[in-house]
Each structure stands twice: as C-alpha cells, then as structure tokens.
Amino acid sequence: MSLKKLNTVLATAVVLFTLYLGSSFLLPLEASFPGLPNWPSGDSGFPVVKGSREVAMGLAMGILLVTGRRRALGWVLVMVAVAPFGDMVNVLAHHGSAAAAFGIHGLTSALIAVTGSLLLRETGKARTTQGTTTPAPAARPA
C-alpha cells in the first residue's frame, strides 16, 4: 500500500470518527466523556459545546480531504490533535482515570498527530520532487 493510500485511509478514519463522536454528543444518545468521574449534567451545555467542536473539526477536515488539499489537511490534523490532548489534560486535572486519559485521549491525540505528520511528509516529498523535475524557464533576450 502506498503512503498516499495509507494516509487517505487514516485521514478518512479520523474524519469519520470525529463526526461520529460529535454527533453522539449532539443527538439524544447517552454520550459519556471517558475518564471523567462526574459527568456534567445534560443541562450544563457541556455536551452541546463538545459536540459542536467535534462536528466543526470533522467538517473542516472532511472538506480538505474531499477537495484534495492534502498539505492543508496535514496541518489541520496536527492542529486538531490538540483537542484530544486537552481532553486528556482535563480528565487528569479533574482526578479522572489516568488509564482513560492516556489510553483514550492520549492515544487519539497521537494517532491524529501521526496522521497529520504523514500527510505533511507525503506532500513535502511531492513538492521536492515537483521542484526538481520542473525545469526553470529560459531567459529570453530583450
């Protein structure tokens, strides 16, 4: 499997999972925030804020994936990895389960960051190759 295909599969999985996660907080399902010992009540607005954040990130990544903006997608994925990292810190700061903090949120953050890095590596190689194979235009005499 080529690097481009692997990156596409990983990026698609990240986009779909992010959209699923966001919709699970917005739809009337019994969503939970893994690792927090005391889940905020449904009246707190916490699920709507978290769900909206996830859906917005999923849509942004999905649009970049569908339109073929792979380098921009790589940068956005690296940036989006901050969100599950922040969730991990939140769980740890509120005396939640360290196993859930590192095992769920930490690994998610790492997977997203690695996927973004792989996309940047792929597109960086393409830029380098493109720059070396395209000859510079010859100067024309005046």
Side-chain angles (χ1 to χ4, degrees), residues 1-140:
M1 181 181 279
S2 71
L3 181 60
K4 185 174 182 176
K5 285 183 184 179
L6 175 67
N7 292 343
T8 302
V9 169
L10 289 173
T12 302
V14 169
V15 168
L16 292 176
F17 181 73
T18 304
L19 289 171
Y20 166 76
L21 185 64
S23 63
S24 72
F25 281 99
L26 294 174
L27 298 175
L29 305 172
E30 289 299 318
S32 65
F33 192 70
L36 278 183
N38 299 319
W39 171 249
S41 70
D43 295 337
S44 71
F46 182 76
V48 174
V49 171
K50 182 155 174 56
S52 298
R53 176 190 82 170
E54 300 293 333
V55 168
M57 290 187 311
L59 289 173
M61 293 182 296
I63 288 168
L64 291 172
L65 180 63
V66 169
T67 59
R69 307 298 296 193
R70 297 177 72 81
R71 186 148 185 89
L73 177 59
W75 282 114
V76 169
L77 281 166
V78 169
M79 181 273 311
V80 164
V82 172
F85 182 81
D87 293 341
M88 178 186 75
V89 171
N90 185 27
V91 169
L92 293 172
H94 290 92
H95 309 292
S97 165
F102 293 114
I104 297 169
H105 303 293
L107 286 176
T108 300
S109 179
L111 173 68
I112 294 170
V114 165
T115 302
S117 298
L118 286 171
L119 274 164
L120 290 173
R121 181 176 178 210
E122 168 201 323
T123 57
K125 283 183 178 178
R127 274 189 164 173
T128 305
T129 305
Q130 182 183 20
T132 57
T133 58
T134 306
R140 298 177 96 182

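Note that the coordinates shown come from a computational prediction; the quantities given were computed from them, not determined experimentally.
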A.B. asks: Please report the closest heavy-atom contact between Glu54 and Asp87, naming both atoms and the distance.
C.D. replies: OE2-OD2, 4.4 Å

A.B. asks: Of all heavy-atom pairs between Leu77 and Ile112, which one has the smallest distance, and what is that distance?
C.D. replies: O-CG2, 3.1 Å

A.B. asks: Just verifying a value: how many Å separate Asn7 CG and Glu122 CD, rounded to the nearest 0.5 Å?
C.D. replies: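 One gets 5.0 Å once the value is rounded to the nearest 0.5 Å.
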
A.B. asks: Closest approach of Ala11 and Leu73, non-hydrogen atoms and distance?
C.D. replies: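 Distance-wise, the nearest heavy atoms are CB-CD2, 4.0 Å.
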
A.B. asks: Checking the side chain of Ser109 only, and the main-chain atoms of His105 only, is there a donor and an acceptor separated by less than 3.5 Å?
C.D. replies: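 Flag not set: sc Ser109 to bb His105 has no pair under 3.5 Å.
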
A.B. asks: For Ala101 and Val91, work out which heavy atoms get closest and say how close.
C.D. replies: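 Closest pair (atom of Ala101, atom of Val91, distance): CB-CG1, 3.8 Å.
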
A.B. asks: How many angstroms lie between CZ in Arg70 and CG in Leu65, if you round to the nearest 0.5 Å?
C.D. replies: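 Reported to 0.5 Å precision, the distance equals 7.0 Å.
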
A.B. asks: Check the pair Phe25, Val49 against side-chain contact (heavy atoms from CB on, under 4.5 Å), reporting the backbone distance first and the verdict last.
C.D. replies: CA-CA 9 Å; Phe25 281 99; Val49 171; over 6 Å; no

A.B. asks: Can you tell which of Arg71, Arg69, Lys4 makes a side chain to side chain donor-acceptor pair (under 3.5 Å) with Thr123?
C.D. replies: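 Single side chain to side chain donor-acceptor pair (under 3.5 Å) partner of Thr123 among Arg71, Arg69, Lys4: Arg71.
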
A.B. asks: First locate atom CE of Met79, then atom CE of Met61, and finally report the distance between them rounded to the nearest 0.5 Å.
C.D. replies: 8.0 Å

A.B. asks: Is there a side-chain contact between Ser52 and Val55 in this structure, where contact means two heavy atoms from C-beta onward sitting under 4.5 Å apart?
C.D. replies: no

A.B. asks: Identify the two heavy atoms, one from Ala81 and one from Pro84, that lie closest to each other, and give their separation to 0.1 Å.
C.D. replies: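 Here Ala81 and Pro84 meet closest at O-CD, 3.4 Å.
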
A.B. asks: Rounded to the nearest 0.5 Å, what separation is found between the OG1 atom of Thr8 and the CG atom of Leu119?
C.D. replies: 7.0 Å

A.B. asks: Given side chains that start at C-beta, do those of Leu16 and Tyr20 come closer than 4.5 Å, heavy atoms only?
C.D. replies: no

